[in-house]
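The next block holds one structure in the form of structure tokens; read it before the comments.
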Number of protein chains: 2
Amino acid sequence: MIVTAPADRIEPREPKYYLVKRHLLELIESLEPGALVPTERELTVELATSRTTVRQALGELVGEGRLVRRQGSGTYVAEPKMTWPLQMTSFTEQAAANGFIASAQLLSSERVRATGEAAARLRLQPGAYVYRIERLRLADETPMAVETSHLSVARFPGLVKAVRRASSLYRVLAESYGVKPVTAEETIETRAAPPREAALLGTDTGAPMLVLGRHSFEADGTPVEWVRSWYRGDRYTFVARLTTTA
Amino acid sequence: MIVTAPADRIEPREPKYYLVKRHLLELIESLEPGALVPTERELTVELATSRTTVRQALGELVGEGRLVRRQGSGTYVAEPKMTWPLQMTSFTEQAAANGFIASAQLLSSERVRATGEAAARLRLQPGAYVYRIERLRLADETPMAVETSHLSVARFPGLVKAVRRASSLYRVLAESYGVKPVTAEETIETRAAPPREAALLGTDTGAPMLVLGRHSFEADGTPVEWVRSWYRGDRYTFVARLTTTA
DNA sequence: CCTCTAAAATGGACTAGACGAATTGACATC
DNA sequence: GATGTCAATTCGTCTAGTCCATTTTAGAGG
């Protein structure tokens, strides 16, 4: 039994690069991770197209985590993506739950005046001071995300000193300030990688990224922090576990 | 107080197209949604670059939902993104909560033998029959997602007939079969739009998309359905609300 | 005034090629 | 055998252009 749509079915025309992409997908599925695929110039000859078109197809497959390009070397079949849970636990705990050792590399920490968005999120007067802590998050030495946290200076005096020694911000908040976020609102969207984030995460400028925003609160509803994290879209699949609250 | 990273800071070089992108971002922020931005050929002259480079910058901004391109007309500043909650409620209820009227357009419904993944997800023997229902989800007539659901034929006999009349699959499950999913695992990843999905959602092949997979279960852990939905990455920001379960 | 038609303008897809940067491998040298 | 050097190969970036599809605009004709 096959029932097709009643009406005005759109028949999209397939761009040429998409034919190349499908050809490559078949090839990828017949190979093992790590295997070398033909060079861009070989593909232009084989598929009778230009290098630009081949690169567009390759680029999408790289962005989807199916291929890895290495300049000077070649293009290879990628390892499968990792899944990463969205949970109310810290990065450190999430990593541990997945069998990784989490660490953080402090990129910068500044005391700045809150911009409109940060001030609103943290429920502060515009112009109030906030810490802006930027860290590269690693799981087993592999860079996973670039994370920029915003916290109120008035609320957490001396925070940066404590953070510079510890890898878990949540532990510092709990142990030094007695603050424990219990709810959070997490947003997810797609973005192209800026040069800096791309370099830190070992990918190319413009590669598709997943940007997570976390806005976390204490039990009484007081905002604790506002974080924006950039993850490589070709490496991670996010997983949220949902239940009926009713 | 500014503390920079201790070590080997990478100084990424900025591709030329990224300079164009930043220039355009400034322009966008100075304009209202709906405003016309210069044509590609004008930008080529103004920024002393090639059209390919201009188009790369424009393409990323379109993918991020900042610009809208209309062939034959021009490129315009886009409306802000919509946020879409990840909740254990149905599409119909989610839309209602956001003030939209949800509807569905049936694209196809087939009775097919379960592939490896569908069989595993629904805990069926490989080769068992499943319904594969493909629907275009609309909120206030605007296409939001292309949704492909998989459900066991043995478990829900005659399902497609019921679905053809109703817009809410969850309501059909509850009213006709007495089945109510209470937990779900939702995965989120980035993908480039295939021609078909792009056409259905009114965007271009290759545009960045968010692909949501939903795997839902009854209270006793029995899998109910497995769904894959394609959303336009330039239109929606997903939001998950998290709480500590401990 | 309205309607139809043709031309102009715009974005969409693609080509062929240039040059640069990173890697690899062969080869000469020690 | 170990090491350094250089050339070939690979991907990375960018250019200048062609041709097409769609939309808009201007004008001709009623």
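Model, not experiment: these values are computed from the prediction. All heavy atoms count here, side chains included; hydrogens, waters and symmetry mates do not. Here is the naming used below: chain letters follow the sequence lines, and residue numbers restart at 1 for every chain.
Shown here is B:Ile101, whose CD1 atom has no more than 12 heavy atoms of other residues, nucleotides or ligands within 6.0 Å. Heavy-atom neighbours of A:Arg66 CZ from other residues, nucleotides or ligands within 6.0 Å: at or below the threshold of 12.
For the pair B:Glu14 (side chain) and A:Pro195 (backbone), a donor-acceptor distance under 3.5 Å is absent. Using a distance-only test at 3.5 Å, with no hydrogens or angles considered, no donor-acceptor pair links the side chain of A:His150 to the main chain of A:Val130. In this structure, the side chain of A:Arg232 engages the main chain of A:Leu201 through a donor-acceptor pair within 3.5 Å.
Between B:Thr49 and the phosphate of D:dC14, there is no side-chain N or O to OP1/OP2 separation shorter than 4.0 Å. Contact annotation: A:Lys16 reaches the phosphate of C:dT15 (side-chain N/O to OP1 or OP2, under 4.0 Å). Proximity of A:Ser50 to the phosphate of C:dT15: a side-chain N or O atom is located under 4.0 Å from OP1 or OP2. Contact between the side-chain N/O atoms of A:Arg70 and the OP1/OP2 oxygens of C:dT24 is found at a separation under 4.0 Å.
Here D:dC14 is the nucleotide among C:dT15, D:dC14, D:dT24 with the atom lying nearest to any side-chain atom of B:Thr53. Of the listed nucleotides (D:dT24, C:dC14, C:dA13), C:dA13 has the atom at the smallest distance from the side chain of B:Arg55. Listed nucleotides: C:dT10, D:dT23, D:dC14. Nearest to the side chain of B:Arg41: C:dT10. Residue A:Arg69 has its side chain nearest to D:dG12 when only C:dG11, D:dT23, D:dG12 are considered.
Positionally, the nearest nucleotide of DNA chain C for A:Gln71 lies more toward the 5' end than for the other of A:Tyr76 and A:Gln71. Residue A:Thr75 is the one, among A:Thr75 and B:Gln56, whose nearest nucleotide of DNA chain D lies closer to the 5' end (criterion: closest heavy atom). Nearer the 5' end of DNA chain C, as judged by each residue's closest nucleotide, is the contact made by B:Leu58, out of B:Leu58 and A:Gly72.
What separates CD of A:Glu60 from P of C:dA13 is a distance of 11 Å, to the nearest Å. Across the protein-nucleic acid pair, B:Tyr18 atom OH and D:dC14 atom C1' stand 18 Å apart, rounded to whole Å. Between the CD atom of B:Glu14 and the P atom of D:dG12 there is a distance of 18 Å, rounded to whole Å. B:Glu42 places its CD atom 11 Å from the P atom of C:dA9, with the value rounded to the nearest Å. Here the P atom of nucleotide C:dG25 and the CG atom of A:Leu36 are 11 Å apart, to the nearest Å. The separation between A:Leu43 atom CG and D:dT10 atom P is 11 Å, rounded to whole Å. Taking atom CG of A:Leu67 as the reference point, atom C1' of D:dT10 lies 15 Å away to the nearest angstrom. Counting to the nearest Å, the P atom of C:dA13 and the OH atom of A:Tyr17 are 8 Å from each other.
Looking at heavy-atom distances under 4.0 Å, A:Arg51 makes contact with a base. When heavy atoms are screened at a 4.0 angstrom cut-off, B:Thr39 is found touching the sugar-phosphate backbone but no base atom. Here B:Thr52 lies in heavy-atom contact (under 4.0 Å) with a base.
Using the six-membered ring where Trp is involved, A:Trp84 and A:Phe100 have ring planes that are tilted, between 30° and 60° apart.
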